[in-house]
Amino acid sequence: MEKKDIKSLTLEELKAEMAALGEKPFRAAQLYEWMHRKLSRGFGEMSNIPMAMKEKCGKNYSYTALRTVRVQESGLDGTRKYLFALADGNVVESVWMRYKHGNSVCISSQVGCRMGCRFCASTLDGLLRNLSPSEMLDQVYAITLETGERVSNVVVMGSGEPLDNYENLLRFIMLLTDENGLNISQRNVTVSTCGIVPNMRRLAEEKLQITLALSLHATTDEKRRELMPIANTYSMEELLSCCAYYFEQTGRRITFEYSLVRGVNDTREDAKMLADRLHGLNCHVNLIPVNPVKERSYVQSGKKAVEDFAALLTKRGVKATIRRELGRDIDGACGQLRRRFIEETTEGQ
Ligand code: SAH
């Protein structure tokens with residue numbers, strides 16, 4: 001029988017587990033504290049837990065502790081990119097960024113991705129598997145330990161489509177924001193989606209205080225379909241009305257991600273159309289010049305085009321920011337580090 005993943009259990013569930021194993025209720029709180037506060041890497045370090053109980057735990061549960069395979073630090077801005085190995089040998093990547101308002105970690109939610117966005121490196125080999133809640137959490141924990149600094153913001157914007165791994169994502173958010181764990185405020189958690197409408201609705205109804213970021217990248221259905229296959233399933237109209245619903249349910253302003261690709265979605269016409277589309281919606285647009293991926297032919301918009309695009313949106317009443325590109329020199333774009341690592345390690349096989 002497969003062992004239960006102890007770091008994915010809530011405190012309440014852990015209490016029930018301990019009762020079933022004949023342990024005292026306070027043991028659950030101790031274990032939880034070791035895992036989610038002291039960020040322990042295994043049962044071995046839990047000094048106030050009796051040896052017999054540690055052995056029992058080892059027999060009954062698996063303990064997620066990601067192994068750091070590689071760390072790259074940007075010489076430009078101090079951004080750090082981590083490659084972690086999971087227990088089954090798969091690797092995922094995460095990014096640590098330092099901002100004025102605190103440290104931010106960008107985590108992966110799946111190994112690979114099946115959404116097929118044309119400009120994205122994470123999706124090139126499809127989806128291998130979902131990450132468990134503990135595997136998402138431990139990206140944050142391992143980085144906290146490695147940097148020795150508190151993480152204040154978490155963005156689920158690495159490899160994978162979080163709303164394609166809905167149950168695990170939700171449990172991850174609950175554990176991450178739990179007052180008995182790292183206690184990160186829900187307001188400091190952002191989930192980015194390519195736009196799986198039914199799950200966006202479900203998420204709206206959870207009424208969390210997290211930020212939802214929607215990867216839009218185009219202003220018409222036709223253009224969006226060229227860049228993102230998901231646009232064949234949900235129209236822009238459905239998507240935007242779902243965003244309005246999200247705001248209605250949660251009171252949280254939507255962030256739109258818009259990657260600028262030269263000659264594809266970066267004209268003045270596009271900016272005007274985008275402003276029209278978003279008119280009246282409580283939102284914010286993040287503009288980011290597309291990160292060139294070597295397997296794809298997309299080219300970044302020039303600095304002037306990006307600035308003009310932002311200025312046009314602002315003029316038309318849509319709040320827009322040009323996102324700083326952090327970690328450019330270290331394969332900062334989704335999926336690039338993992339890909340390079342796999343290419344290197346399988347070379348000549
Ligand atoms: N699947 C989710 C989250 C992961 S991607 C989503 O689609 O939102 C995180 C963000 O990076 C998305 O906005 C995605 O469209 C964008 N992205 C992916 N590859 C990129 C690239 N090469 N250049 C710029 N942005 C990219």
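Bear in mind the structure is a predicted one, so any value in this text is a computation, not a measurement.
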>> How close do Thr190 and Met157 get, counting heavy atoms only, and between which atoms?
In response: CG2-CE, 4.2 Å
>> Is it the case that over 12 heavy atoms from other parts of the model lie below 6.0 angstrom from the NE2 atom of His279?
In response: no
> Does a side-chain heavy-atom distance below 4.5 Å link Ser152 with Ile184?
Replying inline: no
>> If only side-chain N and O atoms count, and only distance matters, is there a donor-acceptor pair under 3.5 Å linking Asp138 with Thr64?
In response: no
> Would Leu128 and Met115 show up in the same hydrophobic cluster when neighbours are defined by side-chain heavy atoms closer than 4.5 Å?
Replying inline: yes
>> Tell me whether Arg80 is salt-bridged to Glu146, with the criterion being a basic N under 4.0 Å from an acidic carboxylate O.
In response: yes
> Does Glu45 have any side chain to side chain donor-acceptor pair (under 3.5 Å) partners at least two apart in sequence or in another chain, and if so, which?
Replying inline: Ser40
>> For residues 19-43, which residue pairs pass the ring pair (Phe, Tyr, Trp, His ring centres under 6.0 Å) check, not counting sequence neighbours?
In response: Tyr32-His36, His36-Tyr141, Phe43-Tyr63
> For Met228 and Ser215, which heavy atoms make the closest approach, and how far apart are they?
Replying inline: CE-O, 3.4 Å
>> If we ignore hydrogens and angles and just use 3.5 Å, is the side chain of Ser108 paired with the main-chain N or O of Glu93 as donor and acceptor?
In response: yes
>> Run Val154 and Leu176 through side-chain contact (heavy atoms from CB on, under 4.5 Å) and show every step you take.
In response: CA-CA 9 Å; Val154 173; Leu176 182 74; 3.8 Å; yes
>> Within the 3.5 Å criterion, strictly below it, is a donor on Thr79 or Ser74 matched to an acceptor on the partner's side chain?
In response: no
>> Checking Thr321 against His284: is there a side-chain donor and acceptor pair closer than 3.5 Å?
In response: yes
> When you look at Ile210 and Ile173, which way does the side-chain contact (heavy atoms from CB on, under 4.5 Å) test go after all the steps?
Replying inline: CA-CA 9 Å; Ile210 61 170; Ile173 295 171; 4.0 Å; yes
> More than 12 foreign heavy atoms under 6.0 Å from NZ of Lys3: is that the case here?
Replying inline: yes
> Same hydrophobic cluster for Phe247 and Val285, using side-chain heavy-atom links shorter than 4.5 Å among ILVMFWY?
Replying inline: no
>> One pair to check against side chain to side chain donor-acceptor pair (under 3.5 Å): Asp270 and Thr267. What are the steps and the verdict?
In response: CA-CA 5 Å; Asp270 286 308; Thr267 63; 2.8 Å; yes
> Going by atom types only, do Thr193 and Glu161 share a side-chain donor-acceptor pair under 3.5 Å?
Replying inline: yes
> What residues, two or more places apart in sequence or in another chain, satisfy ring-ring contact (aromatic ring centres under 6.0 Å, His included) together with Phe119?
Replying inline: His217
>> Side chains of Val92 and Leu131, heavy atoms from C-beta outward: is any pair under 4.5 Å?
In response: yes
>> The test is side-chain contact (heavy atoms from CB on, under 4.5 Å); show your working for Leu216 and Leu274 and say whether it passes.
In response: CA-CA 10 Å; Leu216 197 59; Leu274 184 61; 3.7 Å; yes
>> Taking the side chain as everything from C-beta on, heavy atoms only, tell me whether Met236 gets closer than 4.5 Å to Arg277.
In response: yes
> Taking the six-membered ring for Trp, are Phe256 and Tyr258 ring centroids under 6.0 Å apart?
Replying inline: no
> side chain to side chain contact (heavy atoms under 4.5 Å, CB included) with Met174: which residues, sequence neighbours excluded?
Replying inline: Leu208
>> Run the side chain to side chain donor-acceptor pair (under 3.5 Å) test against Glu238 and tell me which residues pass, sequence neighbours left out.
In response: Ser235
> Can Val191 be reached from Leu127 by stepping across I, L, V, M, F, W or Y side chains whose heavy atoms are under 4.5 Å apart?
Replying inline: no
> Are side-chain heavy atoms of Ser94 and Ile143 found at a separation under 4.5 Å?
Replying inline: yes
> Honestly curious: do Leu312 and Val261 fall in one hydrophobic cluster under the side-chain, below-4.5 Å linking rule?
Replying inline: no
> Short question: side chain of Ser134, backbone of Ser8 - any donor-acceptor pair under 3.5 Å?
Replying inline: no
> By side chain to side chain donor-acceptor pair (under 3.5 Å), which residues pair with Glu17, not counting sequence neighbours?
Replying inline: Lys4, Tyr61
>> Strictly by side-chain hydrogen bond (donor to acceptor under 3.5 Å, both in side chains), give each pair with a member in residues 50-59 just once, sequence neighbours left out.
In response: Glu23-Lys56
> Arg296 and Cys117: which non-hydrogen atoms are nearest, and at how many Å?
Replying inline: NH2-O, 3.9 Å
>> Contact between Asn183 and Thr177 at the side-chain level, heavy atoms closer than 4.5 Å - yes or no?
In response: no
>> The criterion is side chain to side chain donor-acceptor pair (under 3.5 Å); which residues satisfy it with Glu222, sequence neighbours excluded?
In response: none
> Should Val105 and Asn153 count as side-chain neighbours, where that means a heavy-atom distance under 4.5 Å?
Replying inline: no
>> Any side-chain to backbone donor/acceptor pair from Lys38 onto Glu33? Under 3.5 Å, distance only.
In response: no
> Distance-only, no hydrogens or angles: does the Gln110 side chain make a donor-acceptor pair with backbone N or O of Asn130 under 3.5 Å?
Replying inline: no
> Judged by atom type as modelled, is there a donor-acceptor pair below 3.5 Å linking the side chain of Asn265 to the main-chain atoms of Ser259?
Replying inline: yes
Mind listing the side-chain donor-acceptor pairs of residues 196-206 below 3.5 Å, one per line with the distance, residues two or more places apart or on another chain?
residue : atom : partner : partner atom : Å
Asn199  : ND2  : Leu163  : O            : 2.6
Arg202  : NH2  : Glu167  : OE2          : 2.7
Glu205  : OE2  : Tyr245  : OH           : 2.5
Glu206  : OE2  : Tyr166  : OH           : 2.8

> Under 3.5 Å, is there a donor-acceptor pair between the side chain of Asn103 and the main chain of Arg98?
Replying inline: no
> Looking only at heavy atoms, which two atoms of Leu239 and Gly195 are closest? And how far apart?
Replying inline: CD1-CA, 3.7 Å
> Tell me, which pairs form a salt bridge (charged side-chain N to carboxylate O under 4.0 Å, His left out) where one or both residues lie in residues 241-269, sequence neighbours left out?
Replying inline: Glu257-Arg323
> Can you name the closest pair of heavy atoms from Ala28 and Leu14 and give their distance?
Replying inline: O-CD2, 3.5 Å
> Would you call Arg118-Glu295 a salt bridge at under 4.0 Å N-O?
Replying inline: no
>> Test: salt bridge (charged side-chain N to carboxylate O under 4.0 Å, His left out). Region: residues 173-186. Which pairs qualify, not counting sequence neighbours?
In response: none
> Quick one: does Arg114's side chain have a donor or acceptor within less than 3.5 Å of a partner on Asp164's backbone?
Replying inline: no
>> Donor-acceptor pair, distance only, cut-off 3.5 Å: does the side chain of Glu135 make one with the backbone of Ser132?
In response: yes
> Taking all atoms of both residues into account, what is the closest heavy-atom pair of Cys106 and Gly158, and its distance?
Replying inline: SG-N, 3.4 Å
>> If hydrophobic clusters are built by linking Ile, Leu, Val, Met, Phe, Trp and Tyr wherever their side-chain heavy atoms come under 4.5 Å apart, do Met273 and Leu240 end up in the same one?
In response: no
>> When you measure from the side chain of Gln300 to the backbone of Val290, do you find a donor-acceptor pair of N or O atoms at a distance under 3.5 Å?
In response: yes
> Hey, is the main chain of Pro162 close enough, under 3.5 Å, to the side chain of Asn165 for a donor-acceptor pair?
Replying inline: no
> Does the side-chain contact (heavy atoms from CB on, under 4.5 Å) test come out yes or no for Leu31 and Ile6, once each step is laid out?
Replying inline: CA-CA 9 Å; Leu31 275 176; Ile6 195 167; 4.2 Å; yes
> What residue pairs, at least two apart or across chains, pass side-chain hydrogen bond (donor to acceptor under 3.5 Å, both in side chains) with a residue in residues 303-314?
Replying inline: Lys303-Glu307, Lys304-Asp308
